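From a predicted model like this one, the values you see are computed outputs, not experimental measurements. Convention: sequence-line order gives letters A, B, ...; per-chain numbering from 1. Computed over heavy atoms, backbone and side chain alike; hydrogens, waters and symmetry mates excluded.
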There are 2 protein chains.
Amino acid sequence: METTGAQTSPRASLRERKKQRTREALLRAALELFTTQGYERTTVDEIAEAVDVSQRTFFRYFAGKEEVALFTQGVAEARFLAAVRERPPQEAPLEALRRAVLEGWDTIGEAVESVVPLELHMRAYQLIESTPALLAAYLRRSAELEEEIARVIAEREGLDVDVDPRPRVAVAVFGGVMRITGRLWSEGADHSIPAIRELTTAYLDQVGPALAEKWRTE
Amino acid sequence: METTGAQTSPRASLRERKKQRTREALLRAALELFTTQGYERTTVDEIAEAVDVSQRTFFRYFAGKEEVALFTQGVAEARFLAAVRERPPQEAPLEALRRAVLEGWDTIGEAVESVVPLELHMRAYQLIESTPALLAAYLRRSAELEEEIARVIAEREGLDVDVDPRPRVAVAVFGGVMRITGRLWSEGADHSIPAIRELTTAYLDQVGPALAEKWRTE
DNA sequence: AGGCTAGTGACAGCCACTGACAGTTGACAA
DNA sequence: TTGTCAACTGTCAGTGGCTGTCACTAGCCT
């Protein structure tokens, strides 16, 4: 029909583009509804209606309510995983993880922004932290991600994750700290990128002290 | 009717005893069905039918399927939390946590056994680890437990959990390691108490090495 | 133009969970 | 005892997430 004009995606059949649009419309509508009226108080029918498709179609694009709510998280996680893989192999494991987060945040932001407004993603994250059902699903996925990262770390160091406990332990420590900072950030007032960056460094720097024998020797 | 014979609970009204029996019957039936035919493939109606009560009654005793499945975990967690509180205050935080787990396992076993056979509890744990929906719920509860423990640790050390990051970090590190060992234990072949004890010490001992700069200096 | 197939809507049905109401059964005092 | 009250339970109806099925439409390809 049209020329091969540079749309959002240059090469893609009409069919493909329509699917893409429907998916994004559903995603945006869902997040918008979730963050304004709450996750539980939003029905799948509402979301479908907002995009003017049948409920059945919604379930053809997303496995369920949870999946939509966590979708942008998935994008961010994938980007983070890639950032870890891109770290130079001579860096120590925890160093690599630390830099992957700190330096990756901007590219993560971009990756998210290409799907939904970053601001919506941020609101979604706060929603997850404050909605038990979503937090549960999020934590489970994080556990899977940690296992993957542990394998990446093990490979970097030429280790077998089932023989040497250190990769999993290191990742677990790192993941634990990330959970804390994520929660505090979502509860706090400053929801900016620099804010989370500061929190992250501050808490990561406390791992050593926290493991020290005597805390009172300040 | 009978004399005041030493039943399971000496002092409790008939009504109370009946409730207790129904609750335990539901719990046992649920776990038995879950572990034999799977969590998802077991309906609430089946559980209720097995105990010969209405579905409605099931929901008066438990908030949902998840809650039954995680019930014995809750018992174990409560016991662990108590064990932490009982540690002498001069012990270093991580030391206290470590001993609470290692030395507490037997009393945890007893606490569980007073509700359902320990073997059923073990099977339930494996079920949780292998059922996404249950694992998600379990992880969320674990996160809550960690926050509580962090407060206990902070109090031991006379700290404010919102000022000093170390309590939360220490607990997160510990919790992360416990997750790993729990998973490996459930996946492994030896499901005995000594087995998990060994795993725990082995992995806890790897926290230091995992944080070291250079891993290859073995 | 016409056949092929991916994508969709409409419908029926399962299951977890909830509110409302009525019936039953221990608890407790007269 | 007996009567009253409150706790507990069953039944029924309804909501919402999710799935299977099937007929239909619309983009694709020759």
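Between Glu40(B) and Lys18(B), the residue anchored nearer the 5' end of DNA chain C, judged by the nucleotide with its closest heavy atom, is Glu40(B). When each of Phe58(B) and Arg15(A) is assigned the nucleotide of DNA chain D with its nearest heavy atom, Phe58(B) is the one assigned upstream, toward the 5' end. Residue whose closest nucleotide on DNA chain C sits further toward the 5' end, between Val53(A) and Arg56(B): Val53(A).
When heavy atoms are screened at a 4.0 angstrom cut-off, Thr43(B) is found touching the sugar-phosphate backbone but no base atom. Using a 4.0 Å heavy-atom cutoff across all strands shown, Tyr61(A) reaches sugar-phosphate atoms only and no base atom.
When the options Glu155(B), Glu147(B), Glu148(B) are evaluated for a side chain to side chain donor-acceptor pair (under 3.5 Å) with Arg151(B), the one that passes is Glu147(B). Between Ile47(A) and the options Val68(A), Thr42(A), Leu31(A), Leu27(A), a side chain to side chain contact (heavy atoms under 4.5 Å, CB included) holds for only Thr42(A).
Remark: Arg23(A) is positioned above the aromatic ring of Phe62(A), its terminal NZ or CZ atom under 6.0 angstrom from the ring centre and at most 45 degrees off the axis.
Gln126(B) and His191(B) form a side-chain donor-acceptor contact under 3.5 Å, judged by distance and modelled atom types alone.
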Any chance you could lay out the salt bridge (Lys or Arg N to Asp or Glu O under 4.0 Å) test for Arg197(B) and Glu103(B), step after step, and finish with the verdict? CA-CA 9 Å; Arg197(B) 233 191 282 263; Glu103(B) 298 176 12; over 6 Å; no
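Here Ser13(A) reaches the OP1 or OP2 of dC28(D): one of its side-chain N or O atoms lies under 4.0 Å away.
The nearest whole Å value for the distance from the CG atom in Asp45(A) to the C1' atom in dT15(D) is 10 Å. A straight line from CZ of Phe59(B) to P of dC12(D) spans 18 Å, rounded to a whole angstrom. To the nearest angstrom, P of dG16(D) lies 14 Å from OH of Tyr39(A). The NZ-P distance, from Lys65(B) to dC18(D), rounds to 14 Å in whole Å. What separates CZ of Arg17(B) from C1' of dA7(D) is a distance of 16 Å, to the nearest Å. Atom pair Glu16(B):CD and dA6(D):C1' shows a separation of 13 Å (rounding to whole Å applied). As rounded to whole Å, 11 Å separates atom P of dT11(D) from atom CZ of Arg60(B).
One finds a salt bridge joining Glu32(A) and Arg123(A) here, because a Lys/Arg side-chain nitrogen approaches an Asp/Glu carboxylate oxygen to under 4.0 Å. A salt bridge links Arg168(B) with Asp162(B); the closest basic N to acidic carboxylate O contact falls under 4.0 Å.
Boundaries of the chain A contact region on DNA chain C are dT5(C) to dA10(C), first to last in 5' to 3' order (nucleotide atom under 4.0 Å from a heavy atom).
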